[in-house]
Structure formats: C-alpha cells, structure tokens
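Lettering of chains follows the sequences in order, A, B, ..., and the numbering in each one begins at 1.
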Protein chains: 2
Amino acid sequence: MDLSVKKSKNSKQKNLILKILRSTHSHPTAQWIFENARKELPNISLGTVYRNLSNLKKEGKIRELIMGADFSRFDGDLRNHDHIQCTACGKVDDVPFIFFPIPMEQVAQATGYQVFRRRLKFFGTCPECDNQTTKI
Amino acid sequence: MDLSVKKSKNSKQKNLILKILRSTHSHPTAQWIFENARKELPNISLGTVYRNLSNLKKEGKIRELIMGADFSRFDGDLRNHDHIQCTACGKVDDVPFIFFPIPMEQVAQATGYQVFRRRLKFFGTCPECDNQTTKI
DNA sequence: CTAACTGCAAAGTTTTTGCAATTGC
DNA sequence: GCAATTGCAAAAACTTTGCAGTTAG
C-alpha cells in the first residue's frame, strides 16, 4: 500500500497562505488569514483559504490548534514547542521549546492506549493584559 | 468591586445537565447531552443546554475542552486529571491523575506571562482501535 | 491534456440570541 | 414580585461543498 499522501500543486493562493502562517507566531484564525491574504490577492476567497488550510494540514506543513472556546487557529511552525493562551484577551503565543520529561509509559499503563504524542498548553495573563487590570 | 460572579437559580434542566455530565467520563458534546437530557425532560431545548453549559462553565462547575478538530466537549469532573484522545476514533478518555512536575516558572520567564494553569493532552490509539487495525 | 485548484454562492454545522411565558427564591 | 430561566425559532458564526472556469505540471 502507498502511504505517501502528498500530491498537490503549487498555487499563488496556497503559497501566500503558507507565507502568512510562517510570518507570524500569533496562531491566526482562518478569517484573519483570509483578510491578510486579500491584501495581496484581493480576489482570494474564504473557501480557498479553508481548502488550503485543510490541504496544508494533510501534507503536514501546518498544524491545527483549536485550543480554546472559539474557532480554529493554525500554526505554521512545526518545530517542537508548546502554547500559552491569555485568559483575558484570548491571544495564543508560542512557548519556546523547553524539555519537559513526561513519562508516557505511565500514561500508556494507566489507560491501555498506545501513546504517540503529547500536547502541553499553559494558561495565564499576557504582559499587556496584566498591565490593564485597572483600566476600563 | 465585586468579584464574586455566581448568582444563579436551580432548575431541573440545569441539575439534569450537571447530573448527566457527572455520570460519564466520555466528555460528551452539547448535542449528546441534549439527546440524553430529553429522555428525562422531553421538552428541553438545545438552546437551554447551551445556555446551561455556558453558565455552569462560568460558575466553575464544568470545563469546556474543545480538543480536536470537531465540536466542543464538556467535562464534569473537576478533579485534577489529563486527557487522551484516540487518533483513530476520536474518543476522549480521562488519564487518572499522575503527577508531572512541570516547571511553570520557566514558562513564565520565557513568555512574560503570569502562568496559572497547564493542560496536558495525549494522543494515541485506544485498545479497541488497536485491535481493529486489520479489519475493514 | 487533465487533474487539481480557483472564486463564488449556496448549504451544512455548531452555537447564540430575542421573545413571551414560566419558575425559583 | 421580579429577576433568572425556559422553549421555540430565527439568526449568527464558522466551515464545507457544488459548479463552471482556470491553471500547474
């Protein structure tokens, strides 16, 4: 059987979307990507953005996050890193890679699962929101 | 300023929803909760389910997960535990609490955030899906 | 060439909201 | 009582899909 998926064309839309994703660490939503993409390609459609995000995900070039109580966010940085979300403004930032030794065997034993991956997410308040506690 | 939020009535709908959530570890979706709730209260509406989930979350009685590429899932168990999701069937299970020492100060230093909480999620295949690898 | 991709618009899903009636405290 | 909650239905928010035309390899 053929396990290699990849079979996809280049298109300016797709390349632009990837470029946008890689130019930020802010984990944008599909809508945000769309708005930024149309600055360069005014005719691009939201459907195309969603289709390309889906393809890029299948090809392993990006990662879908969906981490909080809102819509999907995408990550163009595939290096090992974790995430932190501000509970005040909802922003998601990268946590540069820190090695956390997590004994996955214990998890496998406790659950009966075969464990492949882990994902670690932190919650807190970002510097901006911290300073605005008294405002408004 | 008054930081205590809570001010909420009891209603049979709300109590039922909480009871359902606490009776399972399967992290149901709003739709699933709705379907089960209407077995006991046939006239309950989906809107009421969503409103109560939102209130219960505000009151800190449940937790919204939203962990994968689909719709929200809710957790009625607030004891410390982590989650594992099967990448084959999508099911989410609890990982009974295991102490993972994670140095949150390092995260705070690296990001500038005030860090409150962490959430750890594992991915793998559940025993059922493991055994079905060759079927179909 | 032709399979994949595009823009557009319509449809699908999940969640929220407005309103009049009901209910808990 | 009166504010909070409910059922219902309509609307909003996010995502997917059908189609006919365009494009990359």
Side-chain angles (χ1 to χ4, degrees), chain A residues 2 4-21 27-75 90 92, chain B residues 2 4-21 27-75 90 92:
Chain A
D2 183 12
S4 68
V5 197
K6 349 262 154 133
K7 171 199 286 199
S8 83
K9 291 183 182 178
N10 282 329
S11 73
K12 40 187 189 327
Q13 291 86 345
K14 182 185 202 171
N15 291 334
L16 175 58
I17 288 167
L18 195 51
K19 188 181 91 185
I20 290 176
L21 264 168
H27 308 295
T29 62
Q31 183 67 40
W32 187 93
I33 295 168
F34 172 57
E35 278 155 22
N36 280 270
R38 90 197 306 192
K39 288 177 192 164
E40 199 157 318
L41 294 176
N43 287 325
I44 195 172
S45 77
L46 190 52
T48 295
V49 172
Y50 274 107
R51 266 184 295 226
N52 275 303
L53 289 172
S54 162
N55 290 344
L56 287 166
K57 191 167 56 151
K58 273 190 210 129
E59 294 166 32
K61 294 196 179 144
I62 64 169
R63 198 181 277 152
E64 190 170 6
L65 298 180
I66 317 189
M67 324 195 65
D70 53 1
F71 24 76
S72 290
R73 290 166 176 276
F74 294 86
D75 192 348
V92 179
Chain B
D2 183 12
S4 67
V5 197
K6 348 260 153 135
K7 169 198 289 198
S8 83
K9 291 182 185 179
N10 282 329
S11 74
K12 41 187 190 322
Q13 291 86 346
K14 182 184 202 172
N15 291 334
L16 175 58
I17 288 167
L18 195 51
K19 188 181 91 184
I20 290 177
L21 264 168
H27 307 295
T29 62
Q31 184 66 41
W32 187 94
I33 295 168
F34 171 57
E35 279 155 21
N36 281 270
R38 87 196 311 189
K39 289 177 191 164
E40 198 157 319
L41 293 176
N43 287 325
I44 196 173
S45 77
L46 189 52
T48 296
V49 172
Y50 274 107
R51 267 183 294 224
N52 275 302
L53 288 172
S54 161
N55 289 344
L56 287 166
K57 192 166 54 151
K58 272 189 211 131
E59 293 165 33
K61 294 198 179 141
I62 64 169
R63 199 181 275 151
E64 190 170 6
L65 297 178
I66 316 189
M67 324 195 65
D70 53 3
F71 24 76
S72 290
R73 290 165 177 276
F74 295 86
D75 193 347
V92 180

Pairs touching residues 37-48 of chain B that satisfy salt bridge (Lys or Arg N to Asp or Glu O under 4.0 Å), sequence neighbours left out: B:Lys19-B:Glu40

Contact under 4.0 Å: B:Gln13 side-chain N or O vs D:dG7 OP1/OP2: yes

I'd like a table of atom pairs between the protein and nucleotides 20-22 of chain C - only N or O on both sides, under 3.5 Å - with the distance next to each one.
none

B/S/- contact track for nucleotides 18-25 of chain D, protein heavy atom under 4.0 Å: BB---BBS

Beyond-backbone contact of B:Leu16 with B:Asn36, side-chain heavy atoms, under 4.5 angstrom: no

Side-chain heavy-atom pair A:Gln13, A:Arg51 within 4.5 angstrom cut-off: no

Atom pair distance, as rounded to whole Å: CG in A:Asn55 and C1' in C:dA3: 13 Å

Residue-level proximity of residues 37-45 of chain A to DNA chain C when a heavy atom falls under 4.0 Å: A:Asn43, A:Ile44, A:Ser45

Residues which pass side chain to side chain contact (heavy atoms under 4.5 Å, CB included) with A:Ser45, listed by chain and number, not counting sequence neighbours: A:Thr48

A:Gln31 CD to D:dA12 P, straight-line distance once rounded to whole Å: 16 Å

Rounded interatomic separation in angstrom, taking CG from B:Asn15 and C1' from C:dT23: 13 Å

Side chain of B:Tyr50 - closest among D:dT15, C:dT15, D:dG7: C:dT15

Heavy-atom side-chain contact between B:Trp32 and B:Ile20 under 4.5 Å: yes

side-chain contact (heavy atoms from CB on, under 4.5 Å) evaluation trace for B:Leu53 with B:Leu21: CA-CA 10 Å; B:Leu53 288 172; B:Leu21 264 168; 3.9 Å; yes

Whole-Å gap separating P (C:dT15) and CH2 (B:Trp32): 16 Å

Shortest non-hydrogen contact between A:Lys9 and A:Lys14, atoms and distance: O-NZ, 3.4 Å

Five-pair end axes of the helix from C:dC1-D:dG25 to C:dC25-D:dG1 and the angle they enclose, rounded to 10°: 40°

Closest non-hydrogen atom pair, B:Ala30 against B:Leu46: O-CD1, 4.2 Å

Value in whole Å for how far the P atom of C:dC5 lies from CG of A:Leu16: 16 Å

Which nucleotide in C:dT14, D:dT15, C:dT6 has an atom nearest any side-chain atom of A:Asn52: C:dT6

